[in-house]
Amino acid sequence: MCGIVGIVGKSNVNQALYDALTVLQHRGQDAAGIVTSHDGRLFLRKDNGLVRDVFHQRHMQRLVGHMGIGHVRYPTAGSSTSAEAQPFYVNSPYGITLAHNGNLTNVEQLAKEIYESDLRHVNTSSDSEVMLNVFAHELAQRGKLQPTEEDVFAAVTDVHNRCVGGYAVVAMITGYGIVGFRDPHGIRPIVFGQRHTDEGVEYMIASESVSLDVLGFTLIRDLAPGEAVYITEDGKLHTRQCATNPSLTPCIFEHVYLARPDSIIDGISVYKARLRMGEKLADKILRERPEHDIDVVIPIPDTSRTAALELANHLGVKFREGFVKNRYIGRTFIMPGQAARKKSVRQKLNAIELEFRGKNVMLVDDSIVRGTTCKQIIQMAREAGAKNVYFCSAAPAVRYPNVYGIDMPSAHELIAHNRTTQDVADLIGADWLIYQDLPDLIEAVGGGKIKIEQFDCAVFDGKYVTGDIDDAYLNKIENARNDASKAKTQAVSAIIDLYNN
């Protein structure tokens with residue numbers, strides 16, 4: 001899960017890129033980067049940290065140019081070294097920079113091809129750098145001194161033919177323009193829009209529509225699966241379908257947790273999808289526990305608030321804010337290392353005793369991944385005086401790892417893996433637990449005016465839409481993702497950063 005943005009403007013775009021990344025900060029809090037282009041030169045700033053910490057006034061003043069791309073990152077394999085902050089750069093051909101959201105599932109094969117056949121060197125373990133070199137190689141194959149939109153789209157077609165996985169990409173070709181493209185399954189989101197200024201039309205590509213809204217851009221549409229958009233430096237817009245057999249299978253977890261509620265993804269309002277999740281949950285509670293004794297519904301801030309509100313309305317039960325959130329603590333889901341997650345929960349949330357004392361409380365969260373956070377929150381509710389604590393998940397049980405760009409833990413660290421609902425309820429300390437049913441989640445997300453036939457629901461059902469995931473691959477990422485491996489990787493990364501600095 002990362003955030004990407006690209007802007008072709010009529011004046012300096014550094015501030016607009018900064019503002020867009022701030023809006024997309026929820027998609028990555030590990031590192032941030034911006035690169036701009038002016039008179040054929042590149043100006044780059046990237047480092048570990050939040051957007052506000054990476055870019056100071058002196059950095060912003062150097063980021064000149066009417067065209068640029070940006071990225072916010074969280075580590076998809078546990079590494080937090082600044083060497084893997086994006087955008088990445090290669091000088092040949094033309095000077096290309098690239099920022100990427102997602103994950104390539106055939107990255108080892110690609111890295112080997114890049115070295116042995118393309119004769120290119122990859123300097124990090126990031127699959128984004130691999131993708132950059134694939135794109136650069138394919139564009140170089142055109143053999144043009146000045147690339148046209150036909151050359152750009154042909155290179156994207158070749159990228160689709162070589163790269164497997166989920167990806168949304170923005171890339172800047174120095175002195176020529178910015179290209180954005182999406183994997184042939186449309187797993188990761190990407191949109192583009194425009195705004196009119198006195199100097200002319202400006203264009204923006206981004207992970208979520210909310211970043212366009214905040215900057216005054218009008219959403220044109222989502223990129224279709226396999227499609228590319230190319231905006232030349234002088235502001236001409238070109239689009240092309242670059243995949244042979246595209247099919248829309250977007251990640252459903254974007255609507256559950258990742259995206260902001262004020263975003264629209266593939267024509268679907270995230271906010272309305274979460275409202276419908278609450279309705280479906282309420283219906284299930286009324287089916288399974290028609291004689292429930294819930295006194296109050298309390299969301300676990302922030303992502304579950306929308307579903308919890310509609311659940312309470314549908315049940316005819318009071319909705320209350322029972323937790324106060326410290327907004328200066330990062331999202332625990334994306335914090336590397338179990339120790340950091342455990343420590344942060346008590347720092348992030350504090351219970352309002354008035355809303356818990358002597359009541360039967362229904363806590364609502366967007367999902368249950370490791371179970372560590374909700375276990376502590378249930379304990380906090382009991383310490384605040386709750387009589388009974390029930391728990392509701394707006395998503396089904398997360399039983400399988402994600403391989404398309406969300407750094408969920410290894411299968412054995414998922415609390416629901418090979419466990420029943422009652423097992424999970426016992427482990428987290430809930431008096432009873434309700435999970436959303438997968439068909440209900442699919443209906444909630446895809447049941448609006450925009451109909452989507454299929455979603456990537458692999459974390460719930462273990463069905464990986466790219467068709468290339470087997471036990472050997474899952475075992476490999478299991479070894480890379482477990483917390484012990486991450487702790488070792490982070491220690492090495494810290495030493496490398498200390499040495500480099």
Checklist entry - Would you call the rings of F135 and F181 parallel, tilted or perpendicular if under 30° counts as parallel and over 60° as perpendicular? => result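 F135 and F181: tilted rings.
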Checklist entry - Taking the inter-plane angle between the rings of H38 and H66 on a 0 to 90° scale, is it parallel (under 30°), tilted (30 to 60°) or perpendicular (over 60°)? => result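 Answer is tilted, since the angle falls between 30° and 60°.
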Item to check | Check: D468/T105 side-chain N/O donor and acceptor closer than 3.5 Å | outcome: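 Side-chain D/A pair, D468 to T105: present.
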Checklist entry - Are E113 and Q109 linked by a side-chain donor-acceptor pair shorter than 3.5 Å? => result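 Per modelled atom types, E113 and Q109 side chains form a pair under 3.5 Å.
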Next on the checklist: Quick test of your reading: applying ring-ring contact (aromatic ring centres under 6.0 Å, His included), list the pairs with at least one residue in residues 92-122, sequence neighbours left out, ordered by first then second residue.
Outcome noted: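 Matches after skipping sequence neighbours: Y94-Y176.
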Next on the checklist: According to side chain to side chain donor-acceptor pair (under 3.5 Å), who are the partners of K144, at least two apart in sequence or on a separate chain?
Outcome noted: D151
Checklist entry - For E150, which residues count as a side chain to side chain donor-acceptor pair (under 3.5 Å) partner, sequence neighbours excluded? => result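 With sequence neighbours excluded, E150 shows a side chain to side chain donor-acceptor pair (under 3.5 Å) to R240, given in chain and number order.
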Item to check | Derivation of the side-chain hydrogen bond (donor to acceptor under 3.5 Å, both in side chains) call for T124 and E84 | outcome: CA-CA 7 Å; T124 72; E84 297 198 2; 4.6 Å; no
Checklist entry - Of all heavy-atom pairs between G235 and Y203, which one has the smallest distance, and what is that distance? => result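 In terms of heavy atoms, the two residues are closest at O-CE1, 3.4 Å.
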Checklist entry - Minimum heavy-atom separation for A416 to Y435, with atom names? => result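 A416 and Y435 have their closest heavy atoms at CB-OH, 3.9 Å.
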Item to check | C2 side chain near H71 side chain, heavy-atom distance below 4.5 Å | outcome: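 Answer yes - side chains close enough.
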Checklist entry - Do P250 and D456 come within less than 4.5 Å of each other through their side chains, counting heavy atoms only? => result no
Checklist entry - So which of V13, I7, I69 actually passes side chain to side chain contact (heavy atoms under 4.5 Å, CB included) with T36? => result V13
Checklist entry - Given R195 and E202, is the salt bridge (charged side-chain N to carboxylate O under 4.0 Å, His left out) satisfied, shown in steps? => result CA-CA 5 Å; R195 71 179 177 188; E202 299 181 321; 2.7 Å; yes
Item to check | Heavy-atom neighbours of K10 NZ exceed 12 at 6.0 Å | outcome: yes
Item to check | Crowding at OH, Y271 (>12 non-hydrogen neighbours, <6.0 Å) | outcome: no
